[in-house]
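Everything below concerns the one structure shown next.
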Amino acid sequence: MYLDDSTATSRLGSRLAECVKGGMRLYFRGELGSGKSTLIRGLLRGLGIQAKVKSPTYTLVELYVVSRLNLYHFDFYRFLDAHEFEDAGLADYFHGEGVCLVEWPDRAGDALPPPDLELSLAYSGTGREISVRAHSAAGERCLAKSQDI
């Protein structure tokens with residue numbers, strides 16, 4: 001799918017918000033500035049988050065709460081070694097009912113469980129190409145629902 005600009009990227013994130021459920025893991029891949037944070041910001045806005053949404057590059061994780069749903073926004077860009085994920089004690093977040101939104105998942109190596117949805121953004125002219133892959137039944141349902149919205 002081609003996204004013309006940041007508005008289109010945010011709109012797609014908002015559409016994804018319609019299908020996100022507790023316990024899901026969404027991994028966002030792409031170069032610096034490709035729109036990962038913009039897509040996550042759109043998703044959080046779609047869930048009703050009005051607070052400032054920033055990439056947690058230095059803090060590693062930001063928590064957003066919608067009703068009883070905890071959303072954990074991770075950014076592993078600063079990891080130099082996959083062991084930093086384990087050293088930071090973040091594994092428990094990925095086995096509960098919270099939603100994990102992860103930028104730069106490859107920096108955590110094999111320590112992360114598989115995602116439900118994997119979203120990859122790439123520069124394409126003045127816009128972005130995005131590919132979305134489901135890796136679970138929950139991911140398949142979310143992908144199907146987001147295409148119907």
Side-chain angles (χ1 to χ4, degrees), residues 1-64 66 69-85 88 90-91 93-95 98-149:
M1 174 188 311
Y2 182 78
L3 302 168
D4 291 322
D5 53 24
S6 61
T7 301
T9 304
S10 292
R11 224 180 357 252
L12 176 61
S14 186
R15 284 181 23 212
L16 285 171
E18 297 288 325
C19 64
V20 170
K21 304 287 184 224
M24 289 186 75
R25 296 176 301 274
L26 287 75
Y27 295 173
F28 299 81
R29 300 180 187 280
E31 296 178 40
L32 277 174
S34 62
K36 297 178 298 294
S37 294
T38 301
L39 189 57
I40 290 171
R41 188 175 301 111
L43 189 154
L44 292 170
R45 294 275 183 262
L47 290 170
I49 300 290
Q50 295 304 313
K52 183 176 180 179
V53 175
K54 58 185 171 43
S55 184
T57 303
Y58 294 99
T59 60
L60 294 182
V61 63
E62 290 286 336
L63 169 64
Y64 300 93
V66 176
L69 184 62
N70 289 339
L71 296 110
Y72 300 99
H73 179 190
F74 295 91
D75 185 333
F76 298 146
Y77 177 72
R78 298 237 174 253
F79 282 0
L80 299 176
D81 182 294
H83 294 294
E84 290 183 62
F85 173 80
L90 301 173
Y93 287 100
F94 291 83
H95 300 290
V99 175
C100 293
L101 310 170
V102 183
E103 296 185 54
W104 301 96
D106 52 311
R107 303 276 174 111
D110 294 334
L112 288 177
D116 293 291
L117 278 180
E118 180 178 35
L119 302 98
S120 299
L121 292 134
Y123 291 101
S124 180
T126 59
R128 306 290 186 268
E129 287 286 335
I130 185 167
S131 64
V132 183
R133 290 182 40 205
H135 293 272
S136 70
E140 291 283 350
R141 284 189 298 273
C142 187
L143 186 57
K145 185 173 183 178
S146 68
Q147 291 174 346
D148 292 339
I149 296 171

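The first residue of the sequence shown is numbered 1, and numbering continues consecutively from there.
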Would you give the length of the straight line joining atom [atom1] of [X] to atom [atom2] of [Y], rounded to the nearest 0.5 angstrom?
{"X": "Leu119", "Y": "Ile130", "atom1": "CG", "atom2": "CD1", "answer": "5.0 Å"}
{"X": "Leu16", "Y": "Leu43", "atom1": "CG", "atom2": "CG", "answer": "6.0 Å"}
{"X": "Leu44", "Y": "Ser14", "atom1": "CG", "atom2": "OG", "answer": "10.5 Å"}
{"X": "Tyr123", "Y": "Glu31", "atom1": "OH", "atom2": "CD", "answer": "6.0 Å"}
{"X": "Ile49", "Y": "Ile40", "atom1": "CD1", "atom2": "CD1", "answer": "13.0 Å"}
{"X": "Phe74", "Y": "Tyr27", "atom1": "CZ", "atom2": "OH", "answer": "9.0 Å"}

All side chain to side chain contact (heavy atoms under 4.5 Å, CB included) counterparts of [X], not counting sequence neighbours:
{"X": "Glu140", "answer": "Ala134"}
{"X": "Asp106", "answer": "Arg29, Trp104"}
{"X": "Ala111", "answer": "Phe85, Glu86"}
{"X": "Leu69", "answer": "Leu71, Val99"}

Are more than 12 heavy atoms from other residues, nucleotides or ligands located less than 6.0 Å from atom NE2 of His95? yes
Tell me the closest heavy-atom pair linking [X] and [Y], and the distance in Å.
{"X": "Gly46", "Y": "Ala17", "result": "C-CB, 3.7 Å"}
{"X": "Cys142", "Y": "Leu117", "result": "SG-CD1, 3.6 Å"}
{"X": "Pro115", "Y": "His135", "result": "O-CB, 2.9 Å"}
{"X": "Gly33", "Y": "Arg128", "result": "O-NH2, 3.0 Å"}
{"X": "Leu47", "Y": "Val66", "result": "O-CG1, 3.5 Å"}
{"X": "Tyr64", "Y": "Val53", "result": "OH-CA, 3.5 Å"}

Just jot down the side-chain hydrogen bond (donor to acceptor under 3.5 Å, both in side chains) partners of Asp116, sequence neighbours excluded, or say none.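 Scan of Asp116 (side-chain hydrogen bond (donor to acceptor under 3.5 Å, both in side chains), adjacent residues dropped) gives Ser136.
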Arg107 side chain to Arg78 main-chain N or O, any donor-acceptor pair under 3.5 Å? no
Listed by chain and number, what are the salt bridge (charged side-chain N to carboxylate O under 4.0 Å, His left out) partners of Glu84, not counting sequence neighbours?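 Not a single residue meets the salt bridge (charged side-chain N to carboxylate O under 4.0 Å, His left out) criterion with Glu84.
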Going by salt bridge (charged side-chain N to carboxylate O under 4.0 Å, His left out), name the residues that satisfy it together with Arg133, two or more places apart in sequence or in a different chain. Glu118
Quick one: ring-ring contact (aromatic ring centres under 6.0 Å, His included) partners of Tyr72, sequence neighbours excluded? Tyr93
Phe79: what forms a ring-ring contact (aromatic ring centres under 6.0 Å, His included) with it, not counting sequence neighbours?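 Partners of Phe79 under the ring-ring contact (aromatic ring centres under 6.0 Å, His included) test: Phe76.
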Can you list every pair that meets salt bridge (Lys or Arg N to Asp or Glu O under 4.0 Å) and has a residue in residues 34-52, with sequence neighbours left out?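 Listed by first then second residue: nothing to list.
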Taking it one step at a time, do Leu3 and Leu121 satisfy side chain to side chain contact (heavy atoms under 4.5 Å, CB included)? CA-CA 9 Å; Leu3 302 168; Leu121 292 134; 4.1 Å; yes
Min side-chain heavy-atom separation Glu103-His73 under 4.5 Å: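 Yes, side chains in contact.
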Flag side-chain contact, heavy atom, 4.5 Å: Val20 against Leu101: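 When only atoms from C-beta onward are counted, Leu101 and Val20 do not touch, as no gap falls below 4.5 Å.
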